[in-house]
2 protein chains.
Amino acid sequence: MPADENALPEAGLCNGTALRKATRRVSQLYDAVLAPCGLRSTQRSLLIHIARAGAPSMGELAAALVLDRSALAHNLKPLERDGLVQVVVDPRDRRGRLVELTALGKAMLEESLGLWQDAQARFEAAFGPEQARSLRAALAMIASPAFTAAFERA
Amino acid sequence: MPADENALPEAGLCNGTALRKATRRVSQLYDAVLAPCGLRSTQRSLLIHIARAGAPSMGELAAALVLDRSALAHNLKPLERDGLVQVVVDPRDRRGRLVELTALGKAMLEESLGLWQDAQARFEAAFGPEQARSLRAALAMIASPAFTAAFERA
DNA sequence: CTCATTTAGGTGCATATGCTACTATCGGTC
DNA sequence: GACCGATAGTAGCATATGCACCTAAATGAG
């Protein structure tokens, strides 16, 4: 038998690689459905989180999105340029900024709802609603601070 | 009750958002563990796939990674610059390129093995080995062409 | 053989993501 | 009230990812 008989048994075993592949695929599928409204899934996700939180600070928003602060700042720029969000200085702490949706941002979000529901329904149909719920729970657990703590403790 | 009583029920329900959050977290955790060897998890994944396939074409490699061809080309550049991989014209079809690991690339991959195993073991400890296996299976299913077909058929 | 078509990649642009270093502001201490 | 450490964001650089468009090469119709 060849020397590399058991070489690279790790292919397909890496949790990070499996996550990235699935994420790229799903991003592409969702983005294709969302395309008509002009929002990508990343941008819509950002707008949703802002809407949910009202007027969060950069730090709060970054934590909610499991996103680096600087990455959030970068991601906000095109949205700010296009008038979907505005960032204002927090009057109670002038170091901080509050991120808000503009009227246009709210309108775009509303307009995209139907398309998102379509993509989501297709996903559930292809993957199973129960399986999807369970997958989201697993992913949320992984994204949680508790998981990071357990990972670092191990 | 306020008008937005049932506003944005979709927060936390988007499969794409859940995937992206978990992927960012896991990338960060794995990258921190891999840091000493100078490879990021994305790059290591790329090298592993090349090693597995021997000398794949760009198209084959992109498909295996669920990655756009142009993204693959971009991702290869730093690795080529640093002498970990080389891209040569396919003699049997001069349109195509074959991607190969250099001796240095193989050495880096081998050197990173222990660190990857450490990260992987931590993940399994935090998430459960069975749950991890099952999660990877679900993610592989989502990344597969069959899933895309089912998504588009729905 | 010649040309249109198809196929494999490459390029340029835009967004996505994170690190490091820097700036501004707040809060507590003396 | 001036300093000092901690905290919130920003700026610059590098990689990651994808789209639209372009080039080169193989391939098939005639």
Side-chain angles (χ1 to χ4, degrees), chain A residues 16-17 19-32 34-35 38-47 56-63 65-82 84-85 87-99 143, chain B residues 16-17 19-32 34-35 38-47 56-63 65-82 84-85 87-99 143:
Chain A
T17 301
L19 273 165
R20 251 176 291 107
K21 287 186 193 179
T23 299
R24 285 194 288 255
R25 183 74 81 189
V26 171
S27 288
Q28 210 150 57
L29 295 174
Y30 273 57
D31 281 348
L34 286 178
L39 284 177
R40 302 157 184 248
S41 52
T42 47
Q43 300 176 328
R44 211 188 97 92
S45 178
L46 193 38
L47 297 185
S57 69
M58 303 280 291
E60 286 165 355
L61 196 49
L65 287 158
V66 190
L67 191 61
D68 187 87
R69 284 173 163 85
S70 67
L72 172 60
H74 292 315
N75 293 351
L76 282 174
K77 278 182 189 169
L79 299 176
E80 206 176 353
R81 180 201 58 203
D82 296 343
L84 305 184
V85 305
V87 182
V88 299
V89 172
D90 183 344
R92 284 167 311 178
D93 182 344
R94 299 225 309 269
R95 291 171 301 182
R97 311 292 144 110
L98 303 179
V99 188
Chain B
T17 301
L19 273 165
R20 253 177 288 106
K21 287 185 192 179
T23 298
R24 284 194 288 256
R25 183 74 81 187
V26 171
S27 289
Q28 211 150 55
L29 295 174
Y30 273 58
D31 281 348
L34 286 177
L39 284 177
R40 303 160 183 247
S41 52
T42 48
Q43 299 176 327
R44 211 189 98 92
S45 178
L46 192 37
L47 296 185
S57 69
M58 302 282 291
E60 287 165 355
L61 196 48
L65 287 158
V66 191
L67 192 60
D68 188 87
R69 283 174 163 85
S70 69
L72 172 60
H74 293 315
N75 292 351
L76 282 174
K77 278 183 189 169
L79 299 176
E80 208 176 352
R81 180 201 58 201
D82 297 343
L84 306 184
V85 306
V87 182
V88 299
V89 173
D90 184 343
R92 286 166 310 179
D93 182 343
R94 299 228 307 269
R95 290 173 301 183
R97 311 292 144 108
L98 303 178
V99 188

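Protein chains get the first letters and strands the later ones, always in sequence-line order, with residue 1 at the start of each.
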Exercise for the section: Start with the C-alpha gap between A:L61 and A:L46, add the side-chain angles, then the distance that decides, and say whether side chain to side chain contact (heavy atoms under 4.5 Å, CB included) holds. Expected result: CA-CA 9 Å; A:L61 196 49; A:L46 193 38; 4.2 Å; yes

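Phosphate proximity of C:dG9 to B:R97: absent, as no side-chain N or O sits under 4.0 Å from OP1 or OP2. Look at B:S57 and you'll find a side-chain N or O under 4.0 angstrom from OP1 or OP2 of C:dG9. Between B:Q28 and C:dC19, a side-chain N or O to OP1/OP2 separation shorter than 4.0 Å is present. OP1 or OP2 of D:dA16 has not a single side-chain nitrogen or oxygen of A:R20 nearer than 4.0 Å. Note on A:N75: every side-chain N or O is 4.0 Å or more away from OP1 and OP2 of C:dT15.
Residue pairs satisfying the side-chain hydrogen bond (donor to acceptor under 3.5 Å, both in side chains) criterion with at least one member in residues 70-81 of chain B, sequence neighbours excluded, are listed as follows: B:D68-B:S70.
Listed by chain and number, the residues in a side chain to side chain donor-acceptor pair (under 3.5 Å) with A:D93 are A:R95 (sequence neighbours excluded). For A:R44, the salt bridge (charged side-chain N to carboxylate O under 4.0 Å, His left out) partners two or more places apart in sequence, or in a different chain, are B:E10. With sequence neighbours excluded, the residues that form a side chain to side chain contact (heavy atoms under 4.5 Å, CB included) with B:R25 are A:V66, A:P145, A:T148, B:L29.
Here B:R81 lies in heavy-atom contact (under 4.0 Å) with sugar-phosphate atoms only. Looking at heavy-atom distances under 4.0 Å, A:L67 makes contact with sugar-phosphate atoms alone, never a base.
What separates OH of A:Y30 from C1' of C:dT15 is a distance of 21 Å, to the nearest Å. Spacing between atom NZ of A:K77 and atom P of C:dC13 amounts to 19 Å, rounded to whole angstrom units. Separating the CG atom of B:L76 from the P atom of D:dA14 is a distance of 19 Å, rounded to the nearest angstrom. Here D:dA16 presents its P atom at 15 Å from CZ of B:R44, a figure rounded to the nearest Å. Taking atom CG of residue B:L34 and atom P of nucleotide D:dA16, one finds them 13 Å apart after rounding to whole Å. The CG-C1' distance, from B:D31 to D:dA16, rounds to 11 Å in whole Å. As rounded to whole Å, 14 Å separates atom P of D:dT17 from atom CG of B:L19. Residue B:D82 contributes atom CG, which lies 7 Å from atom P of D:dT15 at whole-angstrom precision.
The base of C:dG12 sits with one of its N or O atoms less than 3.5 Å from a complementary donor or acceptor on the side chain of B:H74.
Mapped onto DNA chain D by nearest heavy atom, A:M58 and A:S27 fall at different nucleotides, with A:M58 at the one closer to the 5' end. Place A:G59 and A:R24 on DNA chain D by their nearest nucleotides, and A:G59 ends up nearer the 5' end.
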Could I get a table of every N or O pair under 3.5 Å where one atom is in the protein and the other is in nucleotides 20-25 of chain C?
residue, atom, partner, partner atom, Å
C:dT25, O2, A:R95, NH1, 3.4

Every protein N/O lying under 3.5 Å from an N/O of nucleotides 1-4 of chain D:
none

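Considering all non-hydrogen atoms of both residues, B:S41 and B:Y30 come closest at CB-CB, 4.3 Å. Contact detail for B:L39 and B:Q43: the closest heavy-atom pair is CA-OE1, 3.8 Å. Closest non-hydrogen pair, B:R97 versus B:V87, comes out as CB-CG1, 3.4 Å.
Counting only distance, with no hydrogens or angles, the side chain of B:T23 and the backbone of B:L19 share a donor-acceptor pair below 3.5 Å. A donor-acceptor pair under 3.5 Å is formed between the side chain of A:R24 and the backbone N or O of B:L65.
Out of C:dT15, C:dT17, C:dT11, the shortest distance to the side chain of A:P78 is found at C:dT15.
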